[in-house]
K.L.:
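Encoded as structure tokens, here's the structure I'll be asking about.
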Amino acid sequence: MHVLLVEDEQDQRELVANILEVNDIKVTQADSVESAIVSLKNLVKQNTLPDVIFSDWKLGTLTGISLLEYVRNNSLNIGFVVATAYGSVKHAIEAIEKGADDYLSKPFQSQELLLAISKANTAKSLREQNQSLEKQLTEQQNMVDLVGNAPCMQQVYERIKRVSNTNATVMITGESGTGKELAARALHQLSDRKNNSFIAINCGAIPESLAEAELFGAEKGAFTGAIAQKIGKIEAAHQGTLFLDEIGELPILLQAKLLRFLQEGVITRLGSNDEIQVDARVIAATHRDIPTQISKQEFREDLYYRLNVVPLRMPSLKERPEDIPKLILHFINKFEQQYGGQSAKLSAPTKKLLLDHDWPGNVRELSNKLERFVLLGDEQELIEDLTRQETNSTNFDTNMPQQNGEFNIPENGMNWDDFEKQVLQQALLKTKNNKTKAAKLLGMGYKQFLYRIEKFEL
Ligand SMILES: Nc1ncnc2c1ncn2[C@@H]1O[C@H](COP(=O)(O)OP(=O)(O)OP(=O)(O)O)[C@@H](O)[C@H]1O
Ligand SMILES: [Mg+2]
């Protein structure tokens, strides 16, 4: 262990140094806060930080607290013990509050000194361990590429981590744009298969007539147009991961063949009788409700049970609005880097609009909107896009006064307050928060307008 000992009285300092050195502790001595900081700077350069600093409270005109602040402000992970004068509990409390690991009131026994130093050293090691754990976690998180730490996302990460390194089949469900494919890639990335291929098939995108050859491969001449041997997607995923996207769209005939592969781990290419062993981890995804499909006999129940060993549901963006600010930052950064240079800033009212939006297209919709914003730098366009969608969904747009100035109450009624609030909001957005112009836009006096926006706390 290495201790930096800071004490301005030479006799006292040498006494303590002696006790420590007798106990095999290396000691660097300093007689003031300033000289302690100089030694620390040198030690940082040599990459040999002390484990613990043992500092006297009173050091000339300064106190040990100044040194403690220097250490903590510079994020130097060093244990810290302060020696206080007999009976000055106030100093002890202050030291602990500022981040000292322990204090010792003078006079102390050598055993007490050694105990305090060893406790501070343990505290330092614990901090070190915590830091490296946190670093590992963020690294893992980064690799996974999924942004958001709402509780429902934590559960997703937890499950991904737990099952990634198994061969269990995972069935990912969730609305469109919720990150099902990202989750599948994360499962692959965090597994031992990460250096082998990740093969994704969109089951809804292959024409039924070609689907079998696409999945299982075909020998030359197996069907008209098969001019060469074709390796299927399943075979290509050997030793890697096979991602069956939109599994709900897989034709029923192929469902039986896929089931055979899942049960026996073998496939046969079209036009051949040879069985080929394939070791692939299977992940499936769908935005459809498979149980409903089963009841309509569009999906095989036995296949569903084979696939649904570990269900993983991706939450919709509406379920985790607290993640929207993080996602906004993430996408703006991402697209700024992608398209180079110009920085795009969103005003506070637009951010609010993004927060209040319904996000039927989930994260993909948010990503698309922000990509366009970064490309065009046109905040007004984004605002109009968002408000258009909102008013459409509440059916106001079509009923708003047109040229003839007539307004019709929707058949199924409406909520006056919502309506008024939206009109006020739109007026503010259209005029970039210029209240005079906004009031004029609505044919209203300024005071009357102010009164209304205060009523809705806009
Ligand atoms: N949690 C997230 N963090 C960052 N980006 C995300 C997140 N979820 C989704 N995305 C991004 O949103 C887009 C859609 O994600 P993905 O393709 O994984 O969704 P999906 O659920 O497969 O959608 P679909 O059902 O429409 O195929 C991608 O660009 C993806 O990078
Ligand atoms: Mg997808």
K.L.:
Report yes if the side chains of Leu258 and Leu215 come closer than 4.5 Å at any heavy-atom pair, otherwise no.
P.N.:
no
K.L.:
Before accepting this row, confirm whether a basic side-chain N of the pair Lys230/Glu214 lies closer than 4.0 Å to the acidic partner's carboxylate O.
P.N.:
yes
K.L.:
Whether the Ser316 and Glu319 side chains hold a donor-acceptor pair (N or O, under 3.5 Å, no angle test) is what I'd like checked.
P.N.:
yes
K.L.:
Tell me, do Pro50 and Leu43 make a side-chain contact under 4.5 Å, heavy atoms counted?
P.N.:
yes
K.L.:
I need the Lys369 NZ to Ile328 CD1 distance, nearest 0.5 Å.
P.N.:
12.0 Å
K.L.:
When you measure from the side chain of Arg320 to the backbone N and O of Gly148, does any donor-acceptor pair fall under 3.5 Å?
P.N.:
no
K.L.:
Between Arg281 and Asn196, does any side-chain donor sit less than 3.5 Å from a side-chain acceptor?
P.N.:
no
K.L.:
Grab the two heavy atoms, one from Lys432 and one from Gln380, that are nearest each other, plus how far apart they are.
P.N.:
CE-OE1, 3.7 Å
K.L.:
Tell me whether Glu69 contacts the main-chain N or O of Lys98 through its side chain, where contact means a donor paired with an acceptor under 3.5 Å.
P.N.:
no
K.L.:
Does Ile383 offer a backbone N or O that forms a donor-acceptor pair with the side chain of Thr387 under 3.5 Å?
P.N.:
yes
K.L.:
Checking the side chain of Ser176 only, and the main-chain atoms of His287 only, is there a donor and an acceptor separated by less than 3.5 Å?
P.N.:
no
K.L.:
Applying the salt bridge (Lys or Arg N to Asp or Glu O under 4.0 Å) test to Arg288, which of Glu246, Glu249, Glu175 qualifies?
P.N.:
Glu249
K.L.:
Look only at the side chain of Asp323 and the backbone of Ala150, and say whether a donor-acceptor pair between them is shorter than 3.5 Å.
P.N.:
yes
K.L.:
Can you classify the ring geometry of Trp359 versus His357 as parallel (below 30°), tilted (30 to 60°) or perpendicular (above 60°)?
P.N.:
perpendicular
K.L.:
Starting from the C-alpha separation in whole Å, work towards a yes-or-no answer on side-chain contact (heavy atoms from CB on, under 4.5 Å) for Thr436 and Phe449.
P.N.:
CA-CA 9 Å; Thr436 317; Phe449 183 77; over 6 Å; no
K.L.:
Among Leu68, Asn121, Leu40, which residue meets the side chain to side chain contact (heavy atoms under 4.5 Å, CB included) test with Ile78?
P.N.:
Leu40
K.L.:
Can you tell which of Glu212, Glu235, Glu275 makes a side chain to side chain donor-acceptor pair (under 3.5 Å) with Arg269?
P.N.:
Glu235
K.L.:
Would you please test Lys334 and Asp145 for salt bridge (Lys or Arg N to Asp or Glu O under 4.0 Å) and show each step?
P.N.:
CA-CA 12 Å; Lys334 175 179 157 186; Asp145 257 352; over 6 Å; no
K.L.:
Please give me the minimum heavy-atom distance between Ala100 and Val82, naming the atom from each residue.
P.N.:
CB-CG2, 4.2 Å
K.L.:
Does the Tyr157 side chain pair with the main chain of Asn149, one donor and one acceptor, at a distance under 3.5 Å?
P.N.:
no
K.L.:
Between Gln293 and Gly248, is there a donor-acceptor pair closer than 3.5 Å when you use the side chain of the first and the backbone of the second?
P.N.:
yes
K.L.:
Can a donor-acceptor pair be found between the side chains of Thr350 and Glu379 at a distance below 3.5 Å?
P.N.:
yes
K.L.:
Has Asp101 got a side-chain atom pairing as donor or acceptor with Val81's backbone, closer than 3.5 angstrom?
P.N.:
no
K.L.:
Measure from the side-chain N and O atoms of Ser191 to the backbone N and O of Arg193, and report whether any donor-acceptor pair falls under 3.5 Å.
P.N.:
yes
